[in-house]
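Right, one structure below, let's go through it.
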2 protein chains.
Amino acid sequence: MTKPNPTLHPLTPDEQRFAKMLKALGNPLRFQIVQILAEKQVCITGEIVEFTTLAQSTVSQHLKVLREAGLVEGEVDGPATCYCLNAANIRWLKERIGGWLAGCCEPDTEAVIKNVKKKRSCC
Amino acid sequence: MTKPNPTLHPLTPDEQRFAKMLKALGNPLRFQIVQILAEKQVCITGEIVEFTTLAQSTVSQHLKVLREAGLVEGEVDGPATCYCLNAANIRWLKERIGGWLAGCCEPDTEAVIKNVKKKRSCC
DNA sequence: TTGCTATATCGTAAAATTACGATATAGAAG
DNA sequence: CTTCTATATCGTAATTTTACGATATAGCAA
């Protein structure tokens, strides 16, 4: 089925970028690739492939997803491609989630929620 | 195809929990549901359905994913179910990503990476 | 040029996700 | 007990994701 617009108010470009990064990181292999790059700073594709049990073409495809989400950068180096994290964008992501849902998840929020529930005579 | 274990070193339980949350948030509708709950504090299923153009069963399924990721809590209230964010777990997520990839994405990392590339005579 | 190496892309198949309508369930109201 | 209401779950179809092998591409070396 799949309707063209699943939400009444579509995400803003900023939110789309945010959600795209989260989605890219939600895959276990891509999550690990990011962690490997964080540790090694720089890897060529072949080195990343060696960390996995997957085919080269599969890893290359995952790297594309990470690139399109802005999480990694690939630089052609002769026949190889050199990957590293996109530090600026990852910083953006961390700040973005740090400020997300501001004031909604503080330790004292439970009292607020209980009050809302009471007002609504619900729960 | 889908091999049973796509990575050589599978994610730790902590990393799995983290990735599961990110994946859940990567879907635009679920992303919005979380934002709606952050704003309203409390919603019953029907209210969330009204924010979307989707069927009630579809929204209910997405709420299940959010519940299983630990992002929301549902409390049965008569015939309805009252949803709110799971503040403790969202706090955990925010702290987890804040400390993630520590020291790898600071503004001065680019110099470090250039040095690594130089050492590797790569890129 | 020819050949080698590393990677990206293509074509395709399996699996997972997403969506729907229909149905089951559980509590409240009559 | 019966009915209504709200929601969850079921069965299923369309779409997307994930994975593979095969092929194309681009740079380097002989």
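Reminder, nothing fancy here: chain letters follow the sequence lines and each chain counts from 1. These values consider heavy atoms only, across backbone and side chains, with no hydrogens, waters or symmetry-generated copies.
Residues forming a side-chain hydrogen bond (donor to acceptor under 3.5 Å, both in side chains) with A:Arg67 (at least two apart in sequence, or on another chain): A:Tyr83. Looking at residues two or more places apart in sequence or on another chain, you find a ring-ring contact (aromatic ring centres under 6.0 Å, His included) between A:Trp100 and A:Phe18, B:Phe31.
By the 4.5 Å heavy-atom criterion applied to side chains, A:Leu25 and A:Leu93 are counted as neighbours. The shortest side-chain heavy-atom distance between B:Thr81 and B:Leu63 does not fall under the 4.5 Å cut-off. With contacts defined as side-chain heavy-atom distances shorter than 4.5 Å, the pair A:Ile44/A:Glu47 qualifies. Within the 4.5 Å cutoff, no side-chain heavy atoms of B:Val49 are placed close to those of B:Thr58. Using a 4.5 Å cut-off on side-chain heavy atoms (C-beta onward), B:Arg96 and B:Glu15 make contact.
Protein atom CD of B:Glu50 is 10 Å distant from nucleotide atom P of D:dA6, rounded to whole Å. Atom CD1 of B:Ile44 and atom P of D:dT5 are 13 Å apart (whole Å). Remark: C1' of D:dT17 and CZ of A:Arg30 are 8 Å apart, rounded to the nearest angstrom. Put simply, CG on A:Leu66 is 15 Å from C1' on C:dA8, counting in whole angstrom units. Distance CD (A:Glu75) to C1' (C:dA6): 16 Å, rounded to an integer number of Å. Atom CD of A:Gln56 and atom C1' of C:dT9 are 10 Å apart (whole Å). In this structure, the CG atom of B:Asp77 is 8 Å from the P atom of C:dA28, given to the nearest Å. Taking atom CG on B:Leu63 and atom P on C:dA19, their separation rounds to 13 Å, with Å as the unit.
Taking only side-chain atoms of B:Leu54, from C-beta outward, the nucleotide of C:dC20, D:dT18, D:dA8 with the closest atom is C:dC20. Of the listed nucleotides (C:dC20, C:dT9, D:dA8), C:dC20 has the atom at the smallest distance from the side chain of B:Ala55.
The residue A:Thr58 sits close to a base: some heavy atom pair falls under 4.0 Å.
Helix-axis bend for the helix from C:dT1-D:dA30 to C:dG30-D:dC1: the local axis fitted to the five terminal pairs at one end deviates from that at the other end by 10°, rounded to 10°.
When the side-chain nitrogen and oxygen atoms of A:Asn27 are compared with OP1 and OP2 of D:dT17, none of them lie within a distance under 4.0 Å. OP1 or OP2 of D:dA8 has at least one side-chain nitrogen or oxygen of B:Ser60 nearer than 4.0 Å. Contact check, B:Tyr83 against D:dA8: a side-chain N or O comes under 4.0 Å of OP1 or OP2. Between B:Ser57 and C:dC20 there is no side-chain polar atom (N or O) within less than 4.0 angstrom of OP1 or OP2. Close to C:dA19, at under 4.0 Å from its OP1 or OP2, lies a side-chain N or O of B:His62.
Evaluation of atom-type donor-acceptor distances gives no pair under 3.5 Å for the side chain of A:Gln61 against the base of C:dA8.
Residue-to-nucleotide proximity on DNA chain C shows that, of B:Pro79 and A:Lys23, the 5′-proximal contact is made by A:Lys23.
Within a 6.0 Å sphere centred on NZ of B:Lys40, heavy atoms belonging to other residues, nucleotides or ligands number 12 at most.
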